[in-house]
Amino acid sequence: MTNVVLASSNPGKLQELSRVLKETGMNITLQTDLGISDADETGLTFIENAILKARHAAKASGLAALADDSGLEVDALKGAPGIFSARFAKMHNSGQGDADNNRLLLEQLEGVAEEQRTARFRCVLAYMKHSDDPSPVIAEGSWEGRILLEPNGSNGFGYDPLFFANDAGASAATLSKEQKSSISHRGLALKSLLAALH
Ligand code: ITT
């Protein structure tokens, strides 16, 4: 087993990543459980932020680190909330956390017709063997869909209740963990990361 720190404070990500990673011989621990604080996400792209987070956790733990930087791109909002997905409501002084993020997204899309509510989730994974690793392994995945008019389902996390996945024909929050992982941005990025690592 390789011990790897997941450079994240989001237990939803751990849930979706740990089962598959365990099967491949990686024992992963959330950085929060090692007392490691969040890195400053000062990058302007998912890739930059994923690397910043992985480097920070590798340095603090002395372990190999895996980071996930992800978010929702909504076409009618010119790609917002994008890299700011976790901080969307907070940045607009409109509360904080998943419920407020979802409420603000619906507010910003008020009056936008269904066919113009196209969106995608993106996920970038960065794996670093140690904090000075000059060649992090990067993998990406995306998941196409549209933003619903109201929330549907209670599984998953974040914007899942508002995301209608085209391939599933259903809201992401109505899918089981296994169903979501087999088609999601994170599931696809993970598959690609494992192929690159082996
Ligand atoms: P860490 O940085 O600690 O990993 P975070 O939640 O702040 O946790 P990000 O900066 O990568 O992580 O922001 C990702 C946000 O994008 C997340 O909080 C959700 O709002 C949204 N998101 C990403 N993947 C998602 C998914 O599978 N389902 C629903 N929302 C998702």
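Side chains are part of it too, since the values below use all heavy atoms of this structure and drop only hydrogens, waters and symmetry mates. Note that ligands are numbered from 1 as they come in the structure, with each ligand's atoms numbered from 1 the same way.
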- Would you please test Ser8 and Asp68 for side-chain hydrogen bond (donor to acceptor under 3.5 Å, both in side chains) and show each step? CA-CA 7 Å; Ser8 174; Asp68 166 318; over 6 Å; no

- Chi angles and distances behind the side-chain hydrogen bond (donor to acceptor under 3.5 Å, both in side chains) call for Trp143, Asn166: CA-CA 8 Å; Trp143 196 19; Asn166 291 341; over 6 Å; no

- Item | Verdict with reasoning, Thr45 to Glu48, per side-chain hydrogen bond (donor to acceptor under 3.5 Å, both in side chains) | CA-CA 5 Å; Thr45 60; Glu48 287 171 286; 2.8 Å; yes

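Formation of a donor-acceptor pair under 3.5 Å by the Ser181 side chain with backbone atoms of Lys177 is found in this model. For Arg117 (side chain) and Leu148 (main-chain N/O), a donor-acceptor pair under 3.5 Å exists by modelled atom type. At distances below 3.5 Å, at least one donor-acceptor pair connects side-chain atoms of Asn155 with backbone N or O atoms of Leu175. For the pair Arg55 (side chain) and Ala65 (backbone), a donor-acceptor distance under 3.5 Å is absent.
Annotation: Ser9 places an N or O atom under 3.5 Å from an N or O atom of ligand 1; distance criterion only. Between Ser8 and ligand 1, a contact under 3.5 Å exists for at least one N or O pair.
Residue-ligand proximity: Asp160 is placed with a non-hydrogen atom under 4.0 Å from ligand 1. Ligand 1 has Asp68 within reach: a non-hydrogen atom of the residue lies less than 4.0 Å from it. Residue Arg87 places every heavy atom at 4.0 Å or more from ligand 1. The shortest separation from a heavy atom of Ser184 to ligand 1 is not under 4.0 Å, leaving the residue out of contact.
For atom 18 (O) of ligand 1, the closest non-hydrogen atom of the protein is Ala86 CB, 3.4 Å. Nearest non-hydrogen protein atom to atom 30 (N) of ligand 1 is Tyr159 N, 3.1 Å. Taking atom 16 (O) of ligand 1 as the reference point, the nearest protein heavy-atom neighbour is Ser85 CB, 3.3 Å. Of the protein's heavy atoms, Glu41 OE1, 3.2 Å lies nearest to atom 10 (O) of ligand 1. Closest to atom 6 (O) of ligand 1, if we only count protein heavy atoms, is Asn10 ND2, 3.0 Å.
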Throw together a table of side-chain donor-acceptor distances under 3.5 angstrom for residues 19-27, partners on residues two or more places apart or in other chains.
unit_1, atom_1, unit_2, atom_2, d
Thr24, OG1, Leu21, O, 2.8
Asn27, ND2, Asn3, OD1, 3.0

If you look only at distance, which donor and acceptor atoms sit under 3.5 Å apart when one is on a side chain in residues 84-93 and the other is two or more places apart or in another chain?
unit_1, atom_1, unit_2, atom_2, d
Ser85, OG, Leu72, N, 2.9
Ser85, OG, Gly82, O, 2.6
His92, ND1, Phe88, O, 3.0

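Between Lys59 and Asp132 there is no salt bridge, since no side-chain N of the basic residue sits under 4.0 Å from a carboxylate O of the acidic one. Look at Asp75 and Arg120 and you find a salt bridge, because one of the NZ, NE, NH1 or NH2 atoms lies within 4.0 Å of a carboxylate O, short of that distance.
When non-hydrogen atoms are compared, ligand 1 lies under 4.0 Å from the side chain of Lys180 (C-beta onward) but not from its backbone. Only the side chain of Phe121 comes within 4.0 Å of ligand 1, judged by heavy-atom distances.
Close contacts of ligand 1 with Gly158, meaning ligand atoms under 4.0 Å from a residue heavy atom, involve 29 (C), 30 (N). Close contacts of ligand 1 with Lys53, meaning ligand atoms under 4.0 Å from a residue heavy atom, involve 1 (P), 2 (O), 4 (O), 9 (P), 10 (O), 11 (O), 12 (O). Less than 4.0 angstrom separates some heavy atom of Asp69 from each of these atoms of ligand 1: 9 (P), 10 (O), 11 (O).
The heavy atom nearest to atom 9 (P) of ligand 1, out of those in Arg122, Lys13, Arg186, is found in Lys13.
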